[in-house]
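Structure first, commentary second.
Being a predicted model, the structure only gives us computed values, none of them experimental.
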Amino acid sequence: MSSTVVREETDIVVVGGGGSGLTAAIFARQEGARVILLEKHTELRGSTGLSIGSITATGTWHQRKAGITDDTQAHFEDMAKFAGDLAAKDNEELRRVLVENVPASVDWLMSLGVTFYGPMPEPPHRQPRMHNVLPNSRAYIYFVSREARRVGVDARVNATVERLLVEDGRVVGVAALIDGVAHELRAKRAVILATGDYSSSPDWKRRFNPAVAEVDGVNTTNVGDGHRFGEELGAEVRFGEIVYGPNLRFMPPAKPSALLRLPPHRMLTQGMRMALERLPSWMLRPFILSFVTTYLSPEPSLFREGAILVNKRGERFADELGTPNYALAEQPDKVGYIVFDDSVARKFRKWPYFISTAPGVAYAYLGDYKRTRPDLYHAGGSVEELAASMGVPAEALRRTVDAHNAQPGGRPPLAGGKLYALGPVKSWIILTDGGLTVNRNHQVTRAVDGQAIPGLYAVGSVGQGGLLLEGHGHHLAWAFTSGRLAGLHAATAEPAGAVPVREVVAG
């Protein structure tokens, strides 16, 4: 039996095509390095393109325009306030790298065409620092991938890295399947891991946080590949137990709306920014809410006011005031519906009873979901009519409502008359914080002695190295900043020995 292995040479191999990987590839290429980027998905995206899209930074054009006086030391100090009891264990060296370099990352993104709105306040930040991307987080990938093409990064999708190539303790390349064909890519200078977190790996989650092992991750390709590669060479995963979620989130629409498909051209996004700054909020609500109701979470106040959560069989399965977000992962298809009566519906039509919110952008009420997400909105004059709209068994839903009304547990029963439901809703792990140990140059380090593993770097979530990134806007800030700095450093690193140019070997 024969097999074919394609062997290639380059200076740097980047593993992962999200924000951090693309950025690392661009900055390495700008230093003259030949770069091959490998992305296992069918498109360049990563978690960056699935995020809410905010970046927290100081000293930006937006802060200056707003007359805000701020500095990196204040940002450094305020980040510790988000970390709580864990602050003493934070990697302060990497925190310093982040706060001092993220302003340049924002400037660079803006130079590519990215438009931000803000800055928005987020206590305990002492100043407004949160910059929200317009029109949505896909803009990052649009502009950064375009820049990668412009500078000559060789980016390949359907490319799964299976292992690192190591010689004499140095990482010299990767073995990968690219469009189903085995490749060995030799890297004269470095391999940069940009593989994201392990939010979609039951095994990694079971190891660090067993309670969420079966809860799905938002990014299905984040299964801890880079973490595994690093550990095999002696690196350590820090803060592996920190998980963002599980959070209840409404399922995204089957097809993105026309607004979500809009390309983020500068004229459009600059117009959006100026409108957000100058026009009355009532004029902007219909436009903004098309984004707000697409990805966000239902507020727990729905349950406190009397709503119940049922699965697709119409059965109630958990105490909604407890941890239903954990229990939902064990239900059929891992989805549920939020059921409530007319008294709750009337409350959640106006402030302060909102269904969901995007920080600093807008609040969404029940009427907004009816208009912008009719696929999530269900109503009926009886339990049976509601069940038909939801697509759940009517008899089962009737038994559930009757049982709840008999023992509402200190909350209001579901009154007769018109009933409503929002869903499907699903429980998600948004991201995990555990990353490989790295030094200030983003080189992966061994746990036993803290020494850098020659030829290996890690950026973004996989290269978080014990840095705590609580609060909005810090994960993307780290993705672009670590990618930028690692690409620069790796491109100027000492090259490994000479390697063959390109050959196809059959054996």
Side-chain angles (χ1 to χ4, degrees), residues 19-20 23 47-48 51-110 114 116-134 137 140 197 238-239 241-245 247 276-277 297 357-361 430-435 438-440 442 459-461 463-485:
S20 63
T23 302
S47 297
T48 300
S51 66
I52 290 176
S54 55
I55 292 181
T56 294
T58 62
T60 63
W61 174 86
H62 299 78
Q63 279 198 326
R64 293 192 297 272
K65 183 174 182 288
I68 296 170
T69 301
D70 203 358
D71 59 67
T72 59
Q73 178 60 30
H75 190 184
F76 178 88
E77 295 168 1
D78 290 350
M79 282 186 70
K81 300 172 186 176
F82 284 91
D85 294 340
L86 290 175
K89 299 180 181 179
D90 194 11
N91 189 323
E92 293 191 355
E93 183 178 38
L94 295 185
R95 193 201 309 171
R96 183 72 65 185
V97 168
L98 173 62
V99 300
E100 291 182 351
N101 291 280
V102 67
S105 298
V106 172
D107 288 344
W108 173 69
L109 288 166
M110 291 176 62
V114 176
F116 293 100
Y117 168 63
M120 308 302 299
E122 186 190 19
H125 285 297
R126 69 191 72 176
Q127 297 287 357
R129 294 176 181 140
M130 183 169 61
H131 300 66
N132 297 320
V133 69
L134 294 174
S137 61
Y140 290 124
D197 59 33
R238 295 272 176 86
F239 289 132
E241 72 281 4
I242 297 179
V243 172
Y244 290 74
N247 289 348
L276 286 166
E277 291 174 349
S297 303
T357 180
V361 179
I430 310 305
L431 52 87
T432 58
D433 248 7
V438 296
N439 61 23
R440 65 175 293 107
H442 309 282
V459 297
S461 293
Q464 211 163 306
L467 172 63
L468 293 168
L469 296 174
E470 299 282 348
H472 288 94
H474 288 132
H475 285 89
L476 281 181
W478 181 246
F480 291 113
T481 299
S482 61
R484 204 166 52 81
L485 299 177

Before you tell me yes or no, could you show the steps for M79 and L469 under side chain to side chain contact (heavy atoms under 4.5 Å, CB included), namely the whole-Å CA-CA distance, both residues' side-chain angles and the distance that decides it to 0.1 Å? CA-CA 8 Å; M79 282 186 70; L469 296 174; 4.1 Å; yes
Working note: K89 + R238, criterion side chain to side chain contact (heavy atoms under 4.5 Å, CB included); need CA distance, chi angles, decisive distance, verdict. CA-CA 10 Å; K89 299 180 181 179; R238 295 272 176 86; over 6 Å; no
Side chain to side chain contact (heavy atoms under 4.5 Å, CB included) assessment of H475 paired with D433: CA-CA 9 Å; H475 285 89; D433 248 7; 2.8 Å; yes
Please evaluate residues H131 and W61 with respect to the criterion side chain to side chain contact (heavy atoms under 4.5 Å, CB included), reporting the C-alpha separation (whole Å), side-chain torsions for both, the decisive distance (0.1 Å), and the verdict. CA-CA 11 Å; H131 300 66; W61 174 86; over 6 Å; no
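Distance check: S54 OG to H472 NE2 gives 6.0 Å after rounding to the nearest 0.5 Å. Atoms CG and CG, on L467 and D90 in that order, are 5.5 Å from each other to the nearest 0.5 Å. Once rounded to the nearest 0.5 Å, the distance linking CD of E92 with CG of L468 reads 10.5 Å. The CG atom of N132 sits 8.5 Å away from atom OH of Y117, with the distance rounded to the nearest 0.5 Å. Distance CZ/R64 to OG1/T58: 10.0 Å, rounded to 0.5 Å. Here CD of E93 is found 7.5 Å from CG of N439. Values are rounded to the nearest 0.5 Å.
A side-chain hydrogen bond (donor to acceptor under 3.5 Å, both in side chains) with D70 holds for exactly one of H125, R129, R126, Q127; it is R129.
When side chains are defined from C-beta on, P119 does not count as touching T60, because their heavy atoms never get closer than 4.5 Å. At least one side-chain heavy atom of L86 sits less than 4.5 Å from a side-chain heavy atom of I242.
With sequence neighbours excluded, the residues forming a side chain to side chain donor-acceptor pair (under 3.5 Å) with S47 are N219, N222, listed by chain and number. E100 is linked by a salt bridge (Lys or Arg N to Asp or Glu O under 4.0 Å) to nothing, counting only residues two or more places apart in sequence or in another chain.
Minimum interatomic distance between A57 and V106 (heavy atoms only, all atoms of both residues): CB-CG2, 3.9 Å. G465 approaches L94 most closely through the heavy-atom pair O-CD1, 3.8 Å. The two atoms that bring T48 and G19 nearest to each other are OG1-N, 3.1 Å, heavy atoms only. Closest of all the heavy-atom pairs between V102 and I55 is CG2-CG2, 4.0 Å. The minimum heavy-atom distance between L476 and S51, with the atom names listed, is CD1-OG, 3.5 Å. Taking all atoms of both residues into account, the shortest heavy-atom contact from A477 to G473 is CB-O, 3.2 Å.
Remark: R440 CZ is loosely packed, at most 12 non-hydrogen atoms of other residues, nucleotides or ligands lying under 6.0 Å away.
Note: H442 and W478 have tilted aromatic rings, judged against thresholds of 30 and 60 degrees for the angle between ring planes. Relative ring orientation between F116 and H62 is described as perpendicular, the plane-to-plane angle rising above 60° on a 0-90° scale split at 30° and 60°.
The aromatic ring centroids of H75 and H474 lie less than 6.0 Å from each other.
Counting only distance, with no hydrogens or angles, the side chain of N91 and the backbone of G466 share no donor-acceptor pair below 3.5 Å.
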